[in-house]
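Below is one structure, written out as structure tokens, with a few remarks after it.
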Amino acid sequence: MKIKVQAGKSIRQAILENGLDIDNFIVADIDGKLVDLSYTPSNDLEAYLLDTQDQRSLEVLRHSTAHLMAQAIKRIYGNKAKITVGPPVDIGFYYDIDFEEPISEKDLENIEKEMTKIVEENLTIERQELRKEQAIELFKKLDEPYKVLMLEQDIQEEVVSIYKQGEFIDLCRGPHVTSTGKIKYFKLLSVSGAYWKGSEKNKMLQRIYGTAFFTEEELKRFLYQREEAKKRDHRILGPQLELFEIDSSSIGGGLVIWLPKGEKVRYIIEEFLRKKLEERGYLFVRTPHIANSDLWRTSGHLAVYNKYMFPIMTTEEGQEFIVKPMNCPFHIKVFQSKTRSHKDLPLRIAEYGTVYRYEKSGVLHGLLRVRGFTQDDAHIFCTPDQVEDEIIDLIYLTKEILTRFGFENYKVYLSTRPEEFVGSIELWDLAEKALKNALDKVGIEYMVNEGEGAFYGPKIDVEITDALSRTWQCSTIQLDFNLPQRFGIYYIGPDNSKHTPVMIHRAILGSFERFFGILIEHYAGEFPLWLSPIQAIILPVSQKFNDYAQQVFQELKSRGIRVEIDKEAEKLGYKIRQAEIKKIPIMIIVGQKEVESGTISVRRKGQGDLGSMKIDDLLKLLTI
RNA sequence: GCCGGUGUAGCUCAGCGGCAGAGCAGGUGAUUUGUAAUCACCAGGUCAGGGGUUCAAAUCCCCUCACCGGCUCCA
């Protein structure tokens, strides 16, 4: 809401004089700039007050909580802890601190206690402006070398602001809440490492993550959601639901075993995608997992991509082989397998190509970052004129595929020519224009990442948003002016002379491993019927009805339903529980009643008992 | 790769200088069951690996490996 502030009076005074509740407002916006409520303008103006509902207020609260934590840490550790930076982030805030003796998560409780004390002290948070030299002197005196470094090296302004709360002083732009008493609902979350200024070359500091909210309910909800997210972690659900396994000790980190049920899901996805691709004229191929090292010299990978490639294997005959990190050189070979005419273009070569990349052990993460994975890869060879239509087709295809998995929201990024590039500027301009035209014609919103393209061509990346509003990059469409040149591939144009085709690398799911990991979390392990490895399970009320259950089983099986049967000598409740835990979508219960009437009783996971029906009725239900 | 944490039965974890434990899962038997856990018994171990301290190490110390939270990287 808007409020008039007179010269010489603080916004806080203005709020009070207007009879408004000061507790509702956190900071004020003056011409787009956020200021403290203690701000006192030198001439009359209008300020826009931000209440606790405003996202920016929450950021301020969290920023203030970061300061609160830093103050608590300074009280406990004194100058054995040097403060650096502590901004708000989407989950809350962090503060990077250089501790003389490393702390661990056990210490967080103690820090939280001290924070609570400071909240109770209700210290006023005051802003003060000083000249840069004064600030440098101040932080030298306070023995905060990182603040001094920032002032000396990074901050351009001649006048800087500091914030004081009790004995604690921090260099900060602000704004902040008016006093430490305003911070009530907070929680410290984790301790981790973080490089000073984010560079590997610099010293590693300790980063403490925390969060804060205006109400206790919001904090509780946040913590609850974190717990829920943990439960749908694909690394927990995967082995639990017998989908996949990663045995780092006996097989190796980042190498995935697809268990029968996971493979079933993958197969369904593969076949679904294959059908869509073949409809659009893609030709599937299959290529080796290793190749002569010369292939990778020609492609340039050995020079440019070396650090992600497993080392060369040399045979006793002295031949060198390398495990493939990419499929593209092989698809070039497919293109080269005969002389191509312009009439053959666009040529769309697809492969579910398994590649291996050496990733540092610390970056491996379940199925999301692995060392061996299968891309839903394809390379489109076309003329420069055909690029636009191909991209349009690709965007529609990508949308169609992702929508099938319940991903409706996307962010699209177009990355353009970087400083170092191959190919002519004319070709780049033509290609970038083609990509833009394609995006515009489809009517998709996108952001341009200027200069972020690969050295070999511009690209379009698609980020999907999952059920927990997290974003993931899967699809990528990359133009390549480099490989066709390096391998000297050509097609015969209408003019009967040789031309170099444009190559488009593209993946829609990215890799089956990564996409599967995302899907597991997106669905929390409860796959929709069409993907579920087991669609239905038949539960005889007692073993007396096993024969009838077997008949139902045969019937459903012959109709193509993925069905199982639980013939154990257990109570129905137990069998239902087992089926629920396995997240099987349909439970079919058969007992005396069903045998007599020739029906089945259907229970849908998450919905409960649907009553009894004929098998045909269930089949109808399943096809909806 | 870097910082911190954690490695005990298939899984989740307790034990933290003095006999290797529980629950779930698994096996066997009994029970023949109506919409989220029937009972009993059995089996299951290089306490991640290696070295050291100690009369004695799952437990304390060191090294290695793996994983987890992040950072960097990748996309």
Side-chain angles (χ1 to χ4, degrees), chain A residues 89 91 94 96-99 101-108 189-209 226 230 233 235-236 239-240 242 245-254 305 307-308 325 357-366 368-371 373 375 413 415 449 452 454 459 461-463 471-476 478 507 510-511 514 539-546 567-583 587-595 601-612:
Chain A
V89 289
I91 61 156
Y94 67 78
D96 283 351
I97 290 168
D98 188 4
F99 284 94
E101 297 284 329
I103 64 156
S104 73
E105 270 165 42
K106 290 187 196 91
D107 300 308
L108 294 184
L189 302 170
S190 63
V191 181
S192 58
Y195 298 106
W196 165 239
K197 287 191 188 173
S199 168
E200 235 176 331
K201 294 187 188 96
N202 289 340
K203 185 170 183 188
M204 181 151 286
L205 313 168
Q206 285 197 289
R207 172 169 298 180
I208 304 177
Y209 280 95
R226 251 169 93 87
K230 242 189 243 171
D233 190 324
R235 293 168 301 178
I236 310 278
Q240 215 169 61
E242 298 174 8
E245 195 175 83
I246 296 175
D247 184 341
S248 318
S249 53
S250 70
I251 292 173
Y305 206 68
K307 70 186 240 209
Y308 293 107
R357 296 183 185 172
Y358 174 73
E359 300 278 6
K360 290 181 192 171
S361 58
V363 307
L364 299 175
H365 186 91
L368 301 179
R369 191 82 179 269
V370 291
R371 284 178 171 159
F373 55 100
Q375 298 176 303
Y413 300 91
S415 301
N449 288 336
E452 292 286 304
K459 61 173 181 175
D461 291 318
V462 180
E463 268 185 5
T471 58
W472 305 97
Q473 208 220 297
C474 296
S475 318
T476 178
Q478 306 189 1
S511 82
R514 188 175 161 79
L539 312 175
V541 170
S542 91
Q543 288 182 317
K544 285 185 217 155
F545 312 110
N546 277 2
K567 289 185 174 175
E568 292 298 307
E570 287 290 351
K571 290 166 74 171
L572 181 60
Y574 180 84
K575 291 185 182 185
I576 287 174
R577 182 176 158 78
Q578 293 307 312
E580 288 277 348
I581 289 170
K582 289 182 189 161
K583 302 189 192 291
M587 283 156 266
I588 295 168
I589 289 125
V590 293
Q592 190 64 38
K593 279 189 295 188
E594 288 74 19
V595 172
S601 240
V602 178
R603 179 189 163 98
R604 187 93 202 231
K605 176 166 172 34
Q607 289 174 29
D609 196 354
L610 301 185
S612 62

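Predicted model, so just to flag it, every value in this text is computed and none were measured. Excluded from the calculations below are hydrogen atoms, water molecules and symmetry mates; all remaining heavy atoms, backbone and side chain alike, are included. Here is the naming used below: chain letters follow the sequence lines, and residue numbers restart at 1 for every chain.
One can place CZ of A:Arg603 at 5 Å from P of B:rA36, the figure rounded to the nearest angstrom. We find that CD1 of A:Ile576 is positioned 12 Å from P of B:rU38, with the value rounded to whole Å. The CG-C1' distance, from A:Leu205 to B:rU72, rounds to 13 Å in whole Å. Residue A:Tyr94 contributes atom OH, which lies 15 Å from atom C1' of B:rC3 at whole-angstrom precision. Distance CG (A:Leu539) to C1' (B:rA37): 14 Å, rounded to an integer number of Å. Taking atom OH of A:Tyr209 as the reference point, atom C1' of B:rG4 lies 13 Å away to the nearest angstrom. For the pair A:Glu105 CD and B:rG69 P, the computed distance is 11 Å after rounding to whole Å. What separates CD of A:Glu568 from P of B:rA37 is a distance of 17 Å, to the nearest Å.
Checking the phosphate oxygens (OP1, OP2) of B:rG34, no side-chain nitrogen or oxygen of A:Lys571 falls inside 4.0 Å. Under 4.0 angstrom from either OP1 or OP2 of B:rG1 there lies no side-chain N or O belonging to A:Tyr358. Side-chain N/O atoms of A:Lys106 include one lying less than 4.0 angstrom from OP1 or OP2 on B:rU6. The phosphate of B:rC68 has neither OP1 nor OP2 within less than 4.0 Å of any side-chain N or O from A:His365. For the pair A:Tyr574 and B:rC24, the criterion of a side-chain N or O lying under 4.0 Å from OP1 or OP2 is not met. Residue A:Arg357 places no side-chain N or O under 4.0 Å from the OP1 or OP2 atom of B:rC73.
Nearest heavy atom pair, residue A:Ile246 against residue A:Gly366, reads CD1-O, 3.4 Å.
As rounded to the nearest Å, B:rC68 and B:rU12 have C1' atoms that lie 16 Å from one another. Taking atom P in both B:rC41 and B:rA25, one finds a spacing of 16 Å when rounded to whole Å. Between B:rU72 and B:rU54, the two C1' atoms lie 43 Å apart (nearest whole Å). Distance check on atom P: B:rC61 versus B:rA57 gives 16 Å, rounded to whole Å. A gap of 16 Å separates the P atoms of B:rC63 and B:rG1, to the nearest Å. A distance of about 8 Å separates the C1' atoms of B:rG17 and B:rC60, rounded to the whole Å. Atom C1' of B:rG70 sits at a distance of 35 Å from the matching atom of B:rA20, rounded to the whole Å. One C1' atom belongs to B:rA56, the other to B:rA14, and the distance between them is 23 Å to the nearest Å.
Of the candidates A:Lys197, A:Lys203, A:Arg207, A:Arg207 is the only one forming a salt bridge (charged side-chain N to carboxylate O under 4.0 Å, His left out) with A:Asp96.
With hydrogens and angles ignored, a donor-acceptor pair closer than 3.5 Å exists between the side chain of A:Ser601 and the base of B:rU35. Counting atom types as modelled, A:Tyr195 pairs no side-chain N or O with a base atom of B:rG70 as donor and acceptor under 3.5 Å. In the interface, the side chain of A:Arg369 is paired with the base of B:rC74 through a donor and an acceptor atom under 3.5 Å apart. The base of B:rG10 does not come close enough to the side chain of A:Glu245 for any donor and acceptor atom to sit less than 3.5 Å apart. Below the 3.5 angstrom threshold, one finds no donor paired with an acceptor across the side chain of A:Arg514 and the base of B:rC74. One cannot find a donor-acceptor pair under 3.5 Å joining the base of B:rU33 and the side-chain atoms of A:Glu570.
Base pairing analysis places B:rA58 opposite nothing; no Watson-Crick or G-U wobble pair with both distances below 3.5 Å involves it. The partner of B:rG17 is absent, by the rule that a Watson-Crick or G-U pair needs both atom distances under 3.5 Å. Across all strands shown, B:rU33 remains unpaired; no Watson-Crick or G-U wobble contact has both distances below 3.5 Å. The pairing partner recorded for B:rA40 is B:rU28, the criterion being a Watson-Crick or G-U wobble arrangement whose two distances lie under 3.5 angstrom. When Watson-Crick and G-U wobble pairs are counted only if both distances are under 3.5 Å, B:rC74 pairs with no nucleotide at all. In this entry B:rU6 has B:rA66 as its Watson-Crick or G-U wobble partner, both defining distances falling under 3.5 Å. Base pairing of B:rC11: its partner is B:rG23, meeting the Watson-Crick or G-U wobble criterion (both donor-acceptor distances under 3.5 Å).
Closest approach to the A:Arg577 side chain among B:rG69, B:rU72, B:rA36 is made by B:rA36 (side chain taken as heavy atoms from C-beta onward). Comparing atom distances between the A:Gln206 side chain and each of B:rC3, B:rG34, B:rG1 picks out B:rC3 as nearest. Nearest to the side-chain atoms of A:Arg235 among the listed nucleotides B:rG69, B:rA25, B:rG4 stands B:rG69. Closest to the A:Ala569 side chain, of the nucleotides B:rU31, B:rU35, B:rG1, is B:rU31. With B:rU32, B:rU35, B:rG5 as the candidates, the nucleotide lying closest to the side chain of A:Asp609 is B:rU35. Nearest to the side-chain atoms of A:Ser104 among the listed nucleotides B:rG4, B:rG70, B:rG1 stands B:rG4.
Projected onto RNA chain B by closest heavy-atom contact, A:Glu463 and A:Gly366 fall at different nucleotides, the more 5' of which corresponds to A:Gly366. When each of A:Cys474 and A:Gly253 is assigned the nucleotide of RNA chain B bearing its nearest heavy atom, the one mapping closer to the 5' terminus is A:Gly253.
Residue contacts shown for A:Glu594 include a base, since a base heavy atom lies under 4.0 Å away. Across all strands shown, A:Gln240 has no heavy atoms under 4.0 Å from either base or sugar-phosphate atoms. In this structure, A:Gly573 reaches the sugar-phosphate backbone alone: every heavy-atom distance under 4.0 Å involves primed, P, OP1 or OP2 atoms, never a base. A:Gly198 comes within 4.0 angstrom of the backbone, heavy atoms only, and of no base.
Side chains of A:Glu594 and A:Ser601: a donor on one and an acceptor on the other come within 3.5 Å.
Annotation for A:Lys571: atom NZ does not count as buried by contact number, only 12 or fewer foreign heavy atoms lying within 6.0 Å. By the neighbour-count criterion of 12 heavy atoms within 6.0 Å, atom CD of A:Glu101 is sparsely surrounded, having that number or fewer from other residues, nucleotides or ligands.
No donor-acceptor distance shorter than 3.5 angstrom exists from the side chain of A:Gln206 to the backbone of A:Ala194, with no hydrogens or angles considered. Looking at A:Asn202, its side chain does come within 3.5 Å of a backbone N or O of A:Trp196 through a donor-acceptor pair.
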Step-by-step salt bridge (charged side-chain N to carboxylate O under 4.0 Å, His left out) determination, A:Glu568 to A:Lys575: CA-CA 8 Å; A:Glu568 292 298 307; A:Lys575 291 185 182 185; over 6 Å; no
Trace of the salt bridge (charged side-chain N to carboxylate O under 4.0 Å, His left out) decision for A:Glu570 with A:Arg577: CA-CA 11 Å; A:Glu570 287 290 351; A:Arg577 182 176 158 78; over 6 Å; no
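A cation-pi arrangement is absent between A:Arg357 and A:Tyr308, since the terminal nitrogen or guanidinium carbon is not both under 6.0 Å from the aromatic centre and inside a 45° cone about the axis.
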